[in-house]
Amino acid sequence: MSIQWYPGHMTKARRTIAESMPAQDVIIEVLDARMPLASENPVLAELRGQKPCIKVLNKSDLADPAVTTAWLRHFEAERAAPSDEAPGDASPGGKVLAIAISASQPGEARRRIPELCKRLAPPKNGPGKVVRAMIVGIPNVGKSTLINALMERKVAKVGDEPAVTKSQQLVTLKTGMAISDNPGILWPKIDDEAASFRLAVGGAIPDTAIDYQSVALFAAGYFLRRYPELLVARYKLKELPETAAALIEEIGRRRGCLRSGGAVDLHKASDILVHDFRAGRLGRVSLEEPPGLEAPSGIEESA
């Protein structure tokens, strides 16, 4: 599944971020902890250049904790690797630190993120000299939720759908640090099929732009390989289906998604599986592992 999704507001958001980037001391890139690599936007990496960056693995309370720990180690190893472009620096894109947070522990974000910004930002002396940071990321990774946590009050609109934030917003924390929140942007064309499916399953791509059944087949195949016990528990399965298609049909039967004649409504069954994942009803699930941490195999993805 190759996706082209670049509406007008994303073009405007990209331009706004590009224009604001030179004035920033630190970039805070919010990633989905369930798919940190798929939710990294190469356009943002290009715009950031050598600016120091904090990679925030958000929604970590929904992700597999062991996999999240592996991702943090991966980013740490990547940060420590020598750069050909900037000898002695942390990475080709400038110094990078990574942390995992969740909306259920806003105090952790308020404590750690300003501390890390101060570590990465150059010293500021004199009146009016404050650390400036920009929050960026793809749609629906929790940027506005993060800025509300940092401000300790609701200053940004949030919602469980992409493109809730429409324009840039500048706020000042109690510490004096200035932070700008920006609309989420996707890159012009997503050619990596697996990444496209992960983004669709996670809700980064509007539902109107995806084929629910194809997305659910991808998710079902992955869950069968990686988290079979969670599927058994959630859908009260007596035995594990052999294919992704069989799993979706079984979910449809058990949830009453039947058409006249008893045929399963596959679209409704697919909707249930995808939204169970997004809401965390399956349990703590990650959609991808860092290099070297391979998922089990042996289950076919489709009929």
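- Within the structure, ring pair (Phe, Tyr, Trp, His ring centres under 6.0 Å) contacts touching residues 236-256 (residues at least two apart or in different chains) do not occur.
- Between the CZ atom in F223 and the CG atom in L282 there is a gap of 5.5 Å [rounded to 0.5 Å].
- Linking Ile, Leu, Val, Met, Phe, Trp and Tyr residues whenever their side-chain heavy atoms come within less than 4.5 Å leaves L170 and L173 in two separate clusters.
- For residues 247-258, the set of pairs meeting the salt bridge (charged side-chain N to carboxylate O under 4.0 Å, His left out) definition, not counting sequence neighbours, comprises E249-R253, E250-R253, E250-R254.
- Residues I185 and R14 come closest through the heavy atom pair CG2-N, 4.0 Å.
- Residues satisfying the side chain to side chain contact (heavy atoms under 4.5 Å, CB included) criterion with L62, sequence neighbours excluded, are R34, K59.
- When every heavy atom of C117 is checked against every heavy atom of V26, the shortest pair comes out as O-CG2, 3.7 Å.
- Among all heavy-atom pairs drawn from A269 and C257, the shortest one is N-SG, 4.1 Å.
- Within the 3.5 Å criterion, the main-chain N or O of G203 finds a donor-acceptor partner in the side chain of N140.
- Between F218 and Y222, the ring planes lie parallel to each other; the angle is under 30°, not in the 30° to 60° tilted range.
- In this structure, L231 CG and L247 CG are separated by 5.5 Å, a value rounded to the nearest 0.5 Å.
- Checked against side chain to side chain contact (heavy atoms under 4.5 Å, CB included), A70 has the following partners two or more places apart in sequence or in another chain: P290, L293.
- The closest side-chain heavy-atom distance from V67 to R226 is below 4.5 Å.
- The distance from atom NE2 of H74 to atom CD of E76, rounded to the nearest 0.5 Å, is 11.5 Å.
- At a threshold of 4.0 Å, the pair E29-R48 does not count as salt-bridged, since none of the basic side-chain nitrogens sits closer than that to a carboxylate oxygen.
- Side-chain atoms of W71 never come within 3.5 Å of backbone atoms of L37 as a donor-acceptor pair (strictly under, hydrogens ignored).
- Distance alone, capped at 3.5 Å, places no donor-acceptor pair between the D32 side chain and the V141 backbone.
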query = Does the pair I28 and L146 meet the rule for a side chain to side chain contact (heavy atoms under 4.5 Å, CB included), with working shown?
reply = CA-CA 10 Å; I28 302 171; L146 174 58; 4.2 Å; yes
task = Might you work through the side chain to side chain contact (heavy atoms under 4.5 Å, CB included) test for E152 and K174, ending with a clear yes or no?
result = CA-CA 9 Å; E152 300 184 55; K174 290 179 178 179; 3.4 Å; yes
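- What you find for S144 and D181 is that their closest heavy atoms are OG-OD2, 3.3 Å.
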message = Evaluate I138 against N41 for side chain to side chain contact (heavy atoms under 4.5 Å, CB included), listing each step before the verdict.
response = CA-CA 7 Å; I138 67 170; N41 189 337; 4.0 Å; yes
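- Only one option out of V136, L57, I135 pairs with V30 in a side chain to side chain contact (heavy atoms under 4.5 Å, CB included); it is I135.
- Interatomic distance, T172 OG1 to R132 CZ, rounded to the nearest 0.5 Å: 8.0 Å.
- Pairs engaging residues 263-275 under the salt bridge (charged side-chain N to carboxylate O under 4.0 Å, His left out) rule: R259-D265 [sequence neighbours left out].
- Using modelled atom types, no side-chain atom of S60 and backbone atom of A33 make a donor-acceptor pair closer than 3.5 Å.
- Qualifying side chain to side chain donor-acceptor pair (under 3.5 Å) partners for S102, counting only residues two or more places apart in sequence or in other chains: S104.
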message = Does K95 form a side chain to side chain contact (heavy atoms under 4.5 Å, CB included) with R119? I'd like the steps, not just the answer.
response = CA-CA 10 Å; K95 295 180 179 178; R119 282 175 54 186; over 6 Å; no
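- K236 pairs by the salt bridge (Lys or Arg N to Asp or Glu O under 4.0 Å) definition with nothing, not counting sequence neighbours.
- Open room surrounds CD on E239; 12 or fewer heavy atoms of other groups in view lie less than 6.0 Å from it.
- I248 pairs with exactly one of L266, T243, V264, I272 by the side chain to side chain contact (heavy atoms under 4.5 Å, CB included) rule, that one being L266.
- For E46, there are no salt bridge (Lys or Arg N to Asp or Glu O under 4.0 Å) partners two or more places apart in sequence or in a different chain.
- A donor-acceptor distance shorter than 3.5 angstrom exists from the side chain of K51 to the backbone of Q24, with no hydrogens or angles considered.
- Once rounded to the nearest 0.5 Å, the distance linking CE of M35 with CZ of R198 reads 9.5 Å.
- Shown here are the side chain to side chain donor-acceptor pair (under 3.5 Å) partners of D276, two or more places apart in sequence or in another chain: R234, Y235, R281.
- Every residue was checked against the side chain to side chain donor-acceptor pair (under 3.5 Å) condition with T68, not counting sequence neighbours, and none meets it.
- Legend: ring pair (Phe, Tyr, Trp, His ring centres under 6.0 Å) pairs involving residues 244-270, not counting sequence neighbours, sorted by first then second residue: Y212-H267.
- R284 places a side-chain N or O within donor-acceptor distance of the main-chain N or O of A63, the cut-off being under 3.5 Å.
- Among all heavy-atom pairs drawn from L199 and S39, the shortest one is CD2-CA, 4.2 Å.
- Contact annotation: the side chain of M21 approaches that of I27 to within less than 4.5 Å [non-hydrogen atoms, C-beta and beyond].
- Among all heavy-atom pairs drawn from I205 and S196, the shortest one is CD1-O, 4.0 Å.
- Note that OG of S180 and CD1 of I147 are 7.5 Å apart. Values are rounded to the nearest 0.5 Å.
- Shown here are the side chain to side chain contact (heavy atoms under 4.5 Å, CB included) partners of A149, two or more places apart in sequence or in another chain: P106.
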